[in-house]
Each structure stands twice: as C-alpha cells, then as structure tokens.
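Nothing here was measured: the structure is a model prediction, and the numbers come from that model.
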Amino acid sequence: MSEGFIAILVALVGACSGAIGVLMKWVCDRLDHKPTAYQQTLTRRLDHLDEENRKRDAHGLIVDDALKALLFDKIARLHAQTVENGKPVPTPVKTRVDAAYDAYAALGGNGVGKHYRDEMIEAHAKEDPE
C-alpha cells in the first residue's frame, strides 16, 4: 500500500478517529513490511485524536448532567412556589415550566420532573396583574 492511499483514507474518515485507529492498525498489520515513519506518525496522530474525542465525550456528558440538574431545580422551584403553596400558576410560568421540561426530558430527565410539570400545567391559571 502506498503512503498516498493511507493519506486519502485518513482524510476521508476524519473525525471518526476511533474507527480509523483500528483500521490503520489493520492496514499496518497486513503490510509486507514494517510500518513506515509516515504510517507511524499517522497512527500516533489518530491515537491522539481518539483520546481527545474520549475526553470531549466525557466532558459533554458532564455538561449534560449539570444542565439536566439545573433544569430540574428550576422546575422544582417553580412547583414549590406555586402548587406546593396552594397558589395559582400564572400562564407565563406555565410556559416557562413547559419549555424547561422539554429541554429536561430531551436530556433524559425522569418522571419526577414530568409529575411537577403536569401538576403545574393542570393547576388553576391566573394571569399576571399588569
């Protein structure tokens, strides 16, 4: 296999470094000779990209979990300020809790947030005096 083929292969797959690393190892294992310095450099670069992607994925999960916790807290606080205190839920608050719940559910939020949201939507509505 030529260096040009490997360069094209790496360029085509780009961001999928995990699969590329496996594919690169497979290609290198099947060469009739020891991997060239160029191939070794590409393999090191792919390993580095794979590690960066793993870090990014872990960071993304942490951010998602933090955002989900903040959204749940917002829903629970709105619920406590209204339904738990026996107060009516103004229409703008219903709109806010509905939007917060949609994002919370998209992040994998559980049934407690849905229960709070449903109670607020079903509660007596009161328009804000303005």
Taking all heavy atoms of [X] and all of [Y], pick out the closest pair and write down the distance.
{"X": "R117", "Y": "V97", "value": "CG-O, 4.3 Å"}
{"X": "E84", "Y": "H79", "value": "OE2-ND1, 2.9 Å"}
{"X": "G113", "Y": "I75", "value": "O-CG2, 4.0 Å"}
{"X": "T82", "Y": "P88", "value": "CG2-O, 4.0 Å"}
{"X": "A80", "Y": "N85", "value": "O-ND2, 2.8 Å"}

Practice problem: Using a strict 4.0 Å threshold on nitrogen-to-oxygen distance, state whether D98 and K94 make a salt bridge. | Solution: no

[atom2] on [Y] to [atom1] on [X], rounded to 0.5 Å:
{"X": "Y101", "Y": "Y116", "atom1": "OH", "atom2": "OH", "value": "13.5 Å"}
{"X": "D102", "Y": "L71", "atom1": "CG", "atom2": "CG", "value": "10.5 Å"}
{"X": "D47", "Y": "R45", "atom1": "CG", "atom2": "CZ", "value": "11.0 Å"}

Problem set entry | Side-chain (Y104) to main-chain (N110) donor-acceptor, under 3.5 angstrom | yes

>> Any heavy-atom pair between the side chains of V89 and H124 that's under 4.5 Å?
In response: no

Is there side-chain contact between V93 and R96, with heavy atoms separated by less than 4.5 Å?
yes

Quick note, side-chain hydrogen bond (donor to acceptor under 3.5 Å, both in side chains) partners involving residues 64-76, not counting sequence neighbours, are D73-R77

Notebook entry, point to check: Do L78 and L67 belong to the same hydrophobic cluster, where Ile, Leu, Val, Met, Phe, Trp and Tyr are linked whenever their side-chain heavy atoms lie under 4.5 Å apart, directly or via other members?
Noted result: yes

Worksheet item: Is there a chain of hydrophobic side chains (I, L, V, M, F, W, Y, each step under 4.5 Å between heavy atoms) that links F72 to I121?
Response: yes

